Amino acid sequence: MNSKIIIAIDGYSSSGKSTMARRLAKTIGYRYIDSGAMYRAVTLYAMEHGLIKPDGNVDAERLTEMLPEINVDFTLDGDRQFTTLNGRVVEDEIRSLEVSSHVSPVAAIPSVRHALVRMQRAMGEEKGIVMDGRDIGTVVFPQAEMKVFCNASPQKRAERRYEELREKGKDVSFDEVLANVVERDRIDTTRAESPLRCAPDAVKLDNSSMTIEEQNEWLLNLYNSIAGQQA
Ligand code: DC
């Protein structure tokens with residue numbers, strides 16, 4: 001039998017990494033963790049506690065003080081996984097455009113990153129985990145046996161995000177979504193603390209012109225070849 005490994009899937013926002021990571025975890029019987037959901041839940045907490053000013057500035061000092069009071073976790077309902085914030089299911093709220101537009105500055109705060117990285121490492125202690133995010137292969141699990149770095153053009157990523165939001169009945173314009181994708185790329189790649197970058201040992205995937213099924217197949221093939229070498 002194969003020994004369990006850690007699978008790190010990083011990449012740009014809306015690059016399709018969560019869909020692919022979730023599916024792989026299900027197929028191979030691993031735990032899936034969406035680390036972006038954890039940053040989103042902390043952002044929602046900051047919004048609800050008045051720590052994000054009308055101009056978008058985050059009260060980093062106050063948020064740092066409040067970190068011990070923030071518990072982010074996941075709960076399962078059948079096949080579906082829901083993010084919880086202090087025991088409350090916040091899965092829908094954390095996907096709103098409001099949270100999306102405030103999450104990058106919150107994720108740039110070093111104390112927030114340290115707290116979440118600690119939680120993420122604890123989740124991976126027993127391996128058998130697929131985690132997606134921005135710094136999983138570089139910071140959280142630099143020793144991960146399998147690393148993937150995903151990208152797609154900003155236009156394509158905005159189209160995917162727009163469809164997703166419209167399907168959920170959100171009234172957003174495509175230009176708004178595209179602007180959000182571009183702005184998040186800028187903040188995620190230029191922040192001082194753990195900027196988004198490709199780990200030197202990650203396998204790169206540009207999925208601009210791939211279907212979801214093609215991506216799933218590509219990822220499963222990669223897993224099979226890596227897990228085969230670990231056996
Ligand atoms: O993957 P996502 O769009 O749900 O991520 C939300 C935000 O959180 C994104 O702007 C970058 C940040 N993030 C991060 O800094 N590090 C991670 N490991 C995951 C997400």
Side-chain angles (χ1 to χ4, degrees), residues 6-22 32-47 52 56 58 60 63 70 72 74 81-83 85 90-124 129-142 144 147-152 154 156-165 168 170 172 177-199 202 207:
I6 292 182
I7 302 175
I9 304 191
D10 289 304
Y12 287 85
S13 65
S14 306
S15 60
K17 56 190 187 315
S18 303
T19 310
M20 173 166 109
R22 187 179 292 115
Y32 165 65
I33 299 292
D34 173 358
S35 70
M38 301 172 77
Y39 288 93
R40 286 172 180 271
V42 172
T43 304
L44 180 64
Y45 180 96
M47 287 164 61
I52 302 189
V58 186
L63 181 57
I70 308 177
V72 181
F74 297 93
Q81 196 180 49
F82 297 89
T83 312
L85 171 61
V90 292
E91 192 57 41
D92 281 345
E93 284 163 89
I94 61 169
R95 310 288 165 192
S96 69
L97 200 55
E98 292 75 26
V99 170
S100 297
S101 60
H102 292 304
V103 64
S104 285
V106 170
I109 301 171
S111 59
V112 170
R113 301 205 70 82
H114 296 163
L116 293 188
V117 167
R118 227 183 359 257
M119 286 186 211
Q120 290 153 5
R121 287 190 178 143
M123 291 169 173
I129 195 167
V130 182
M131 193 176 288
D132 76 1
R134 302 294 190 288
D135 59 343
I136 311 304
T138 51
V139 175
V140 182
F141 299 123
K147 297 183 187 178
V148 174
F149 191 85
C150 268
N151 199 5
K156 191 79 203 176
R157 288 185 285 128
E159 278 169 21
R160 290 177 183 152
R161 187 102 191 95
Y162 177 72
E163 289 303 323
E164 216 175 277
L165 289 165
K168 286 184 187 158
K170 308 270 190 238
V172 289
V177 175
L178 178 62
N180 178 254
V181 164
V182 171
E183 177 61 3
R184 280 206 286 152
D185 285 358
R186 190 189 66 75
I187 304 181
D188 293 346
T189 51
T190 57
R191 68 179 176 221
E193 184 79 21
S194 319
L196 169 64
R197 62 183 174 82
C198 180
N207 58 27

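Order of appearance sets the numbers: ligands from 1, and atoms from 1 within every ligand. Please read these numbers as outputs of a predicted model, since none were measured by experiment.
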Quiz item: Got a sec, which residues hit ring-ring contact (aromatic ring centres under 6.0 Å, His included) with Tyr32, two or more places apart in sequence or on another chain?
Solution: none
Practice problem: Under the salt bridge (Lys or Arg N to Asp or Glu O under 4.0 Å) rule, collect the residues that match up with Glu183, sequence neighbours excluded. | Solution: Arg186
Exercise. Compare all side-chain heavy atoms of Ile7 with those of Ile129 and state whether any distance is below 4.5 angstrom.
Key: no
Quiz item: Taking C-beta and beyond as the side chain, do Met119 and Leu116 meet within less than 4.5 Å on heavy atoms?
Solution: yes
Practice problem: Locate the shortest heavy-atom distance separating Met20 from Ile9; write the atom from each residue and the value. | Solution: CE-CG2, 4.4 Å
Just list the N/O pairs, ligand 1 to protein, that are under 3.5 Å apart, with the distance for each.
residue	atom	partner	partner atom	Å
ligand 1	1 (O)	Arg134	NH1	2.9
ligand 1	1 (O)	Arg134	NH2	3.4
ligand 1	3 (O)	Arg40	NH2	3.2
ligand 1	3 (O)	Arg134	NH2	3.3
ligand 1	3 (O)	Arg184	NH1	2.8
ligand 1	4 (O)	Arg40	NE	2.7
ligand 1	4 (O)	Arg40	NH2	3.4
ligand 1	10 (O)	Ser104	OG	2.9
ligand 1	10 (O)	Asp188	OD1	3.4
ligand 1	10 (O)	Asp188	OD2	3.3
ligand 1	15 (O)	Arg113	NH1	2.8
ligand 1	15 (O)	Arg113	NH2	3.4
ligand 1	15 (O)	Arg191	NH1	2.8
ligand 1	15 (O)	Arg191	NH2	3.1
ligand 1	16 (N)	Arg113	NH2	3.0
ligand 1	18 (N)	Ser35	OG	3.0
ligand 1	18 (N)	Arg134	N	3.2
ligand 1	18 (N)	Asp135	OD1	2.8

For residues 98-110, dump all side-chain donor-acceptor pairs below 3.5 Å to protein atoms at least two apart in sequence or in another chain.
residue	atom	partner	partner atom	Å
Glu98	OE1	Ser96	OG	3.2
Ser100	OG	Arg40	NH1	3.1
Ser100	OG	Ser96	O	3.0
Ser100	OG	Arg161	NH2	3.3
Ser101	OG	Leu97	O	3.1
Ser101	OG	Glu98	O	3.0
Ser104	OG	Asp188	OD1	3.1

